[in-house]
Structure formats: C-alpha cells, structure tokens
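Counting convention: from 1, in listed order, for ligands and their atoms alike. Bear in mind the structure is a predicted one, so any value in this text is a computation, not a measurement. Numbers here simply count residues along the sequence, with the first being 1.
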Amino acid sequence: MTGALHYTVDGPPDAPVLLLGSSLGTTGAMWQPQVAALAERYRVVRYDHLGHGGSATPAGPYTIDLLGRKVLRLLDDLSVTRVHYAGLSLGGMVGMWLAAHAPERIDRLALLCTSALLGPADGWRARAAAVRAGRLDSIADAIVERWFTPAFAATHPDAVAAYRNMLVSTPAAGYAGCCAAIAAMDLRPDLAAIRAPTLVVGAADDPATPPEHAAAIAERIPSARLVVLDGAAHLANVEQPEAVTRLLVDHLDPEGAVR
Ligand SMILES: O=C(O)CC1=CCC(=O)O1
C-alpha cells in the first residue's frame with residue numbers, strides 16, 4: 001500500500017505498466033482470470049478502489065473525481081508517469097475520468113461493462129443506505145445475480161461463491177461511499193476529451209450496464225472501438241475469460257495482434 005490505495009504487482013519490472021481497475025464490491029482479485037497472460041507482457045498493477053479490499057476506507061460519500069485522484073496519487077507514489085488502463089464497471093468509470101482529466105497519464109484505454117451515466121441515482125442512494133444499515137449480506141444474492149448468467153452460475157458455483165465472498169467482505173462505508181459516487185456521476189461531457197485509443201466492451205446479457213451503455217460511450221469517444229460479447233453478464237472477464245484476455249492483449253499491442 002502506498003498512500004490510500006492497496007495494490008498488487010505482477011510481471012516484469014521493466015515492462016510497460018498496465019493498471020487494472022475493478023468493479024464495485026470486488027478487489028484486484030477480480031482480474032485473476034487475465035493476470036497470467038497479461039503479466040507475460042506488462043507490469044500489471046491491480047489496485048483496490050478507495051473503501052475496497054486493502055485500501056483505506058474514509059467515511060463517505062465519495063465521488064468519481066476523488067477515486068480518480070487517488071489513482072493519480074498511486075501512480076505518483078510508484079513514480080509511473082504513463083500507463084495503459086483497463087477497468088470494468090466502476091473501474092471503467094474511473095478509467096474514463098482519468099483519460100479525460102489526466103490524458104498525459106493514459107496511453108491506451110479499455111472500458112469493460114461500464115457506463116458514463118448509471119441511474120437511477122435514488123436506487124444507488126437506497127443501496128448505500130441499506131449497506132450502511134448493515135444489510136450488504138442480505139442484498140448480496142440480488143447483486144451477484146446480475147454479475148453472471150444463470151447458465152454460468154449453475155455450472156460454476158464455486159466461482160460465484162468466491163465473488164460473492166469478495167462482495168460481502170467489502171467495508172460497508174467503502175461500498176456505500178462508492179454507490180454515492182455512481183449516483184452523482186455523469187461522465188458524458190468528459191468523453192469527447194478522451195484521446196487515448198479506446199476499446200469499449202459490452203456484454204450481451206449484462207443487466208447492470210447493458211450493451212447500449214457501451215455503445216453510448218463508444219459513440220462519444222473519438223477513437224473508440226466497440227465490441228459486444230455474447231454469453232456473459234456483468235463480470236464478463238470471469239465468464240468469458242479467454243475472449244476478454246484476447247481483446248485486451250490485441251488492443252494494448254495492436255502491432256502484435258493476430259486476427
Ligand atoms: O454491482 C452492481 O450492481 C453492478 C455495478 C455497477 C457499478 C459496478 O462497479 O458494478
């Protein structure tokens with residue numbers, strides 16, 4: 001941990017840095033299906049959002065601006081000037097903020113199962129209140145149901161249990177703080193300022209950030225490419241690990257891509 005954010009590092013110390021941002025209620029461990037392949041090519045830094053995993057948990061509410069500034073502080077502490085960034089859901093929201101507000105720090109950008117505007121705000125505030133009242137465990141099944149398709153959940157109960165455990169281990173103040181950040185977020189005006197070549201990935205069966213949200217992001221970012229994956233819900237990197245790894249590898253190093 002340096003500053004407020006906990007992080008892990010995999011891969012060669014002299015390789016280009018790839019920063020991975022995870023979703024609400026998960027940690028950097030969310031990216032486990034991709035790490036081995038990505039760490040062959042990159043110094044992979046997985047951070048936990050403020051209020052998540054091993055990171056500090058100040059009392060909320062938080063904002064996307066605050067979450068993004070904590071990531072910039074992490075890069076400063078690591079003496080890293082420029083990175084590739086891939087983020088899923090809340091991780092993608094922070095990625096959009098970084099690419100728009102600190103374009104000199106972001107080389108290539110990948111946004112997975114995310115949204116620039118994710119209402120209704122009242123729903124996020126109600127979720128935050130429930131979690132602050134100690135009810136994260138009682139709403140966890142409903143949240144996790146949106147992370148995986150029924151077919152995947154039926155055939156991978158251990159994986160679903162592991163991700164559920166990550167969710168219920170999230171500090172209540174941290175989870176609620178990030179819900180408030182999503183409630184107050186509207187990144188749409190920022191998107192036209194993003195100059196990083198951007199891959200936007202939606203998942204056809206994602207009820208949390210449906211593929212239309214991915215399309216709306218891709219439309220507004222000048223150099224974006226949109227891909228919609230079949231056979232995955234919100235945590236598409238878990239449900240379609242090889243496809244997501246391939247998309248990331250090809251996007252981050254287009255010269256090396258074999259199509
Ligand atoms: O957990 C959810 O409900 C889906 C989600 C929205 C933002 C995020 O990171 O996850």
**Prompt:** Between Arg43 (side chain) and Val9 (backbone), is there a donor-acceptor pair under 3.5 Å?
**Reply:** no
**Message:** Taking Arg125 first and then Asp122, would you say they form a salt bridge - that is, a charged N and a carboxylate O separated by under 4.0 Å?
**Reply:** yes
**Request:** Sequence neighbours left out, what passes salt bridge (Lys or Arg N to Asp or Glu O under 4.0 Å) with Arg41? Give chain and number order.
**Result:** none
**Request:** Could you check whether the rings of His101 and Trp97 sit parallel, tilted or perpendicular, using 30° and 60° as the cut-offs?
**Result:** parallel
**Prompt:** Can you list every ring pair (Phe, Tyr, Trp, His ring centres under 6.0 Å) pair that touches residues 53-84, not counting sequence neighbours?
**Reply:** Tyr42-His84
Identify all N/O pairs between ligand 1 and the protein with a separation under 3.5 Å and present them as a table of atom names and distances.
from: ligand 1; atom 1: 1 (O); to: Trp147; atom 2: NE1; distance (Å): 3.2
from: ligand 1; atom 1: 3 (O); to: Arg127; atom 2: NH1; distance (Å): 3.0
from: ligand 1; atom 1: 3 (O); to: Arg127; atom 2: NH2; distance (Å): 2.8
from: ligand 1; atom 1: 9 (O); to: Leu24; atom 2: N; distance (Å): 2.7
from: ligand 1; atom 1: 9 (O); to: Ser89; atom 2: OG; distance (Å): 2.7
from: ligand 1; atom 1: 9 (O); to: Leu90; atom 2: N; distance (Å): 2.9
from: ligand 1; atom 1: 10 (O); to: Ser89; atom 2: OG; distance (Å): 3.0
from: ligand 1; atom 1: 10 (O); to: His234; atom 2: NE2; distance (Å): 3.3

**Asked** Under the ring pair (Phe, Tyr, Trp, His ring centres under 6.0 Å) rule, what pairs show up with a residue in residues 163-198, not counting sequence neighbours?
**Response** Phe148-Tyr163
